[in-house]
Amino acid sequence: MEKKKLLLITPTLLALLLPAMLLSSCDGSAKEDEYDGDKLIVSLRNLYFDAWSGGDNYTDYIENNFKLKLGLSNYSWADWTTQVNGAINGNNVEDVFHFNLDSYNFASTYEYWVEGEIIKALPEDMSAWPHIQSLLANTSNIDALTIDGKMYGIPIAKNIKNPETTFAPFTYVYRRDWARDLGVYQENDVYTWEQFNALIHAFNLRLQNDPNMVAAIGDVEWGFPSVTNFYKDSPHCFTKNSSDEVVSNFHSAKYVEGLNVAKDMVARQYYYQNQYSSKDGEMNKRYAAQKLGILYENLSYTNYNKLRTDYIRNYPAVDVDDATAIMKVKGPDGKFALEGTENWFSMTFFDAEISDNKQKKVLDLMDWLLSEDGTRFAMYGIEGYDYDMINNEPVLKDVDEYKNKTNGAKYLRYMTTLGYDTLSYDPLVNQDSLTIVNDWTAEMSEARENNQMRIFEEDPEVRWLSSPLKNQHSGRMLSNANSYVTQYAFNNLTNIEAYYSQLNRDPWESVLAEINAKLG
Amino acid sequence: MKRTLEKIALLCAAGIVTIGISGCSDVVDLDKVYFTKNMQLTSQFGGLGVEWGAYEDTNKITSEAWQRVLNHVDRLKPAKVRLMINYDWFCQNFDDKGNEDRSDDTWTYNFSNKWMENTIEILTYCQENNIQVAFGSWNVIGSMSDDVWGMMEDVSSDLRWAKISGDVLDFLVNKKGFTCIRYFVNTNEPNYRGIQGSSKNYNNTYEKWEQGVRNVRQKFDELGLDNIGIVGGDTTGLAGSIEYLSGISKNIPTLVGDYGVHMYVSNYYIDTGLLEGQIRDIYQMVKDNDKRLGDSIQANIWEAGLVDGKNVATDSNTLIATYNYGLRMADYTIQCVLAGINSVVYWNLDDAMHFMYRADGSSNPKEWGMFSSLTAAPANKHELRPWYHSSVLMTNLFRPDDHLFSSQTNNVELDDTFRAIASVSHNQKRGGIAAVNRGIQTVTKTFAIEEEISDADEIYVYTYNERSMRLGSDGYIIPNQIITGSLNKRITVDIPANTLLVLSTTRL
């Protein structure tokens, strides 16, 4: 049994305690600043810290220079929301934490946390942190995240150098080599709707001679049914009709038309028949195992490179470019169709109970990591040891050795940016993969400029609207609707009336009425 | 193809060269690496060792593979072994009597299982080969999902911890006769609290750990286990160990057997020679509190490894099979010794010992070893990795009770690319030098040891780098050259870039 110890305050002890006491928070915050020597202890938790636990010399450098002692932890993707909410509810949230904020959980998290004084606002004057200030200024729909003129977190920018990207890389990767063999390949991987259907049909026939194949096409678990992209106006719950009235996307004629196309493809067994029960990551693995001819996936650089890396490792005899070609499909309207997106993903938050001093010091670190010096440190390490400056460009001394190092600065940078800005010169990035992704992005951007692309997205004024019934019900409505879509496509709901009937179990009418009333 | 051997020039003198101190001159000739008597680091070196066992699943290795393990350990000749178990493997039939009083809790022990069988096998080897063993349990008992013991709040200060520790050590030492156990580990890395809900250590504090030490020491004394010292800390990271080392050296210096830490170091600190200074600062901090340090109590590294290349998800090191890993571990060892460390125990011997288990039921071996004896491992992983061979050179050269020497050339301000230490055995019958050239050019150095090594007229030259390392038909390292001469006389050697050079008066 522990005994309570009496602390005898001696002059010596007082001399030791006094500086720490003086350095403690004086702004009334509940969490007192604690120090490890002269370093302020701060706990950081981020989804992307999974491969790093500190202890490297780069983290030491940061700790020494910013006088911070970093306590690091991460989330698992599958349990991210539970882990954040659990920490908040248990009153043991980290000083700086990371959450997958989106429009569907905005009210139950961000707004709720602001109201409950769980998260700390950024300082009103951010001029001391010009790089963060610039990041915020370029954040899409930043007004939606502002409450009473204050920002309560940092939206994590996808690309601070190119914030204008407006579409997500959710698209098709396919077996170009199979398409060539079957005589259905189209130049530059561009397919009209008819040609796309012909390709799927040809892959379905191929299945009969390839015992390893399971289906012509599969969608990533969250993306089914991808073919509705070519019909619907919105990715999720809400869209607008011709009278500019907010209506249910899932009830709309356009959506249902696309849904029936998906149902037909399922009936023809073009789609993987266990699509509906696939767990996270399984469809990707099937494509990587040559079981699918086409995969709809988020082709971020990371995901796309992994796909290519898996092919190179597992099937060295297969031409990886042909095995992982990005297919460009035009819908029935003759246009490409891609989902619109914010230029940020997820947010970094500060616990409301930390001191202004602690927040300031963390902002100092974040801002430096976004600066030229900090970015170079995160990408290349230490000048003279890891790299030399040659013709004003950093050149790694030993790329193979550097690849296996853990540079904590790179991970810390994920607190403010996903780092797409550095991909082109990050020595650890596979430039072949990146080039393909970038070429696709450029081609799609050009198509958008030439009115050859349709971007479908929820109107931002609807997406970020906060109203009581919408806040209360829309998350569940979305989840339920996705279930009914899958059930209908796979014939568990055998007709469209049954589909509507299921949808109507949720309060669409009242939610929409409230939204339209609020928007006037 | 016959390997090209490095040129070695031997300057012969009529007698043993007397190496004088440079006197009033402050200029150090970096090409003359003389190990003078006044540069002695220690007269009682503790030797080098390795983490060995216990194996979590001996079903995964064959008896033939186990014999190979023993052969490899024979060759490695560790002076120390750290052997860790889980008390969960042995404690059964827990009964808390339905009350909160822990003093009346009961349980039984099952020492007749594969884990104890393996533990005894390893301890038998250590006993027969005069190897000192640090022994302990990784954590307190209990599972995260069903913690019937309730030991995770008080951790090692829980009074049942001392009882179990006493019972287990009583069994192994007093009943089975394993007097080779000389250190007890009072939980692994007590300062690393981990993540709440995943770590048994999350609620630990220094105060609890210190109380645990007091309890265990009392229990050991009651059982006559006076010859077992408690590792003073077993904490991880230099900076992370300060709280414990400071507390131990102030509060319970006479209750511990040493000051022990784990260090996984970035390449940067080793490559630049900065590691030595970092260790020295903390060593001095402890010595300021406990003047006995370096004399009647020593500082040891109980887990030594490199952090670059670490894969957090699999808890393996992707660089473990590279030559540079061996070179850096040798450099790491040299810097530790220069800073006052008395023993370094390498992490670890065999990939087959520990596994990383995941929530989805999958697992992987933690690949930090000098080889893998796993049946399921691909053949190339069964081979001895380069750092096994460099470790053989170091462990065989620097033996317990050796006198170790530094040189004035070991000065990171003057030259951060070259470091060297020398040893002379206590009976002055054998000796040697280990030197690392971390620069990008070949360097020419003249070595000599002032302390006499008698009856030693051959020098075995080992050059460890990717091009030059030589292996015999048995797969173990052999000298690149054997020359006639004495290390008490000047010997000049060209040392290629990125090389560990070992000169020994005996075959290692």
Side-chain angles (χ1 to χ4, degrees), chain A residues 1-5 16 36-39 41 43 45 48-61 63-64 69-76 78-79 82-83 86-87 90 92-94 279-282 381-386 388 397-398 400-408 411, chain B residues 100-103 153-155 157-159 192-199 202 205 207-208 210-211 236-240 242-243 262-272 274-275 278 305-315 317-320 322 324-325 328 358-360 416 440 498:
Chain A
M1 204 75 70
E2 256 190 14
K3 289 182 183 175
K4 289 197 187 290
K5 293 181 183 171
L16 286 171
D36 182 343
D38 62 348
K39 297 189 179 75
I41 297 172
S43 54
R45 196 168 185 185
Y48 301 115
F49 289 176
D50 57 330
W52 167 59
S53 53
D56 57 285
N57 55 295
Y58 308 98
T59 306
D60 290 348
Y61 174 89
E63 288 186 337
N64 289 333
K69 183 66 189 167
L70 306 178
L72 305 162
S73 54
N74 68 286
Y75 305 101
S76 67
D79 301 317
T82 305
Q83 287 171 335
N92 58 7
V93 74
E94 288 74 16
K279 295 188 176 49
D280 247 2
E282 285 185 358
I382 298 171
E383 184 176 356
Y385 175 69
D386 293 307
D388 293 313
K397 289 174 184 260
D398 188 333
D400 287 334
E401 175 135 318
Y402 189 77
K403 272 181 184 171
N404 286 294
K405 289 191 180 189
T406 306
N407 183 336
Y411 291 89
Chain B
E100 300 288 324
D101 182 3
R102 290 172 182 173
S103 64
E153 177 58 43
D154 292 341
V155 206
S157 69
D158 188 304
L159 51 88
Y192 180 68
R193 295 176 53 218
I195 296 175
Q196 189 175 23
S198 304
S199 167
Y202 185 75
T205 63
E207 288 73 20
K208 291 177 186 178
E210 184 186 295
Q211 185 60 50
T236 184
L238 271 181
I242 288 175
E243 181 196 6
H262 301 179
M263 281 195 337
Y264 291 89
V265 183
S266 284
N267 292 350
Y268 174 75
Y269 295 125
I270 300 170
D271 297 348
T272 55
L274 292 176
L275 177 64
Q278 291 179 329
L306 307 183
V307 75
D308 285 319
K310 179 179 176 179
N311 182 319
V312 173
T314 60
D315 196 0
N317 195 306
T318 55
L319 298 174
I320 202 70
T322 63
N324 273 341
Y325 196 92
R328 286 194 169 102
R358 283 175 283 278
D360 64 2
D416 65 355
I440 58 174
N498 235 24

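The contact between B/N324 and chain A is made entirely by side chain atoms (from C-beta outward), counting heavy-atom distances below 4.5 Å. Only the backbone of A/D50 comes within contact range of chain B, judged by heavy atoms closer than 4.5 Å. Heavy-atom distances place the side chain of A/N92, and not its backbone, under 4.5 Å from chain B.
By the neighbour-count criterion of 12 heavy atoms within 6.0 Å, atom OH of A/Y402 is densely surrounded, having more than that number from other residues, nucleotides or ligands.
Rounded to the nearest 0.5 angstrom, B/L319 CG and A/K403 NZ are separated by 12.5 Å. With rounding to the nearest 0.5 angstrom, the OG atom of A/S53 is 6.0 Å from the OH atom of B/Y192. The distance from atom CG of A/D60 to atom CG of B/L238, rounded to the nearest 0.5 Å, is 10.0 Å.
Checked for salt-bridge contact, A/K69 and B/E243 miss the test: no charged N lies under 4.0 Å from a carboxylate O.
If you tally non-hydrogen atom pairs under 4.5 Å between each of A/G55, A/S73, A/S76, A/G71 and chain B, the highest count goes to A/G55. Interface remark: of the candidates B/S266, B/A239, B/G240, B/S266 forms the most heavy-atom pairs closer than 4.5 Å to chain A. Contact tally against chain B (heavy-atom pairs below 4.5 Å) for A/D386, A/D56, A/N407, A/N57: the top residue is A/N57.
Take A/E383 and apply the salt bridge (Lys or Arg N to Asp or Glu O under 4.0 Å) test, not counting sequence neighbours, and it matches no residue. With sequence neighbours left out, the ring pair (Phe, Tyr, Trp, His ring centres under 6.0 Å) criterion links A/Y385 to B/Y268.
When all heavy atoms are compared, the tightest approach of A/T406 to B/D308 is N-OD1, 3.9 Å.
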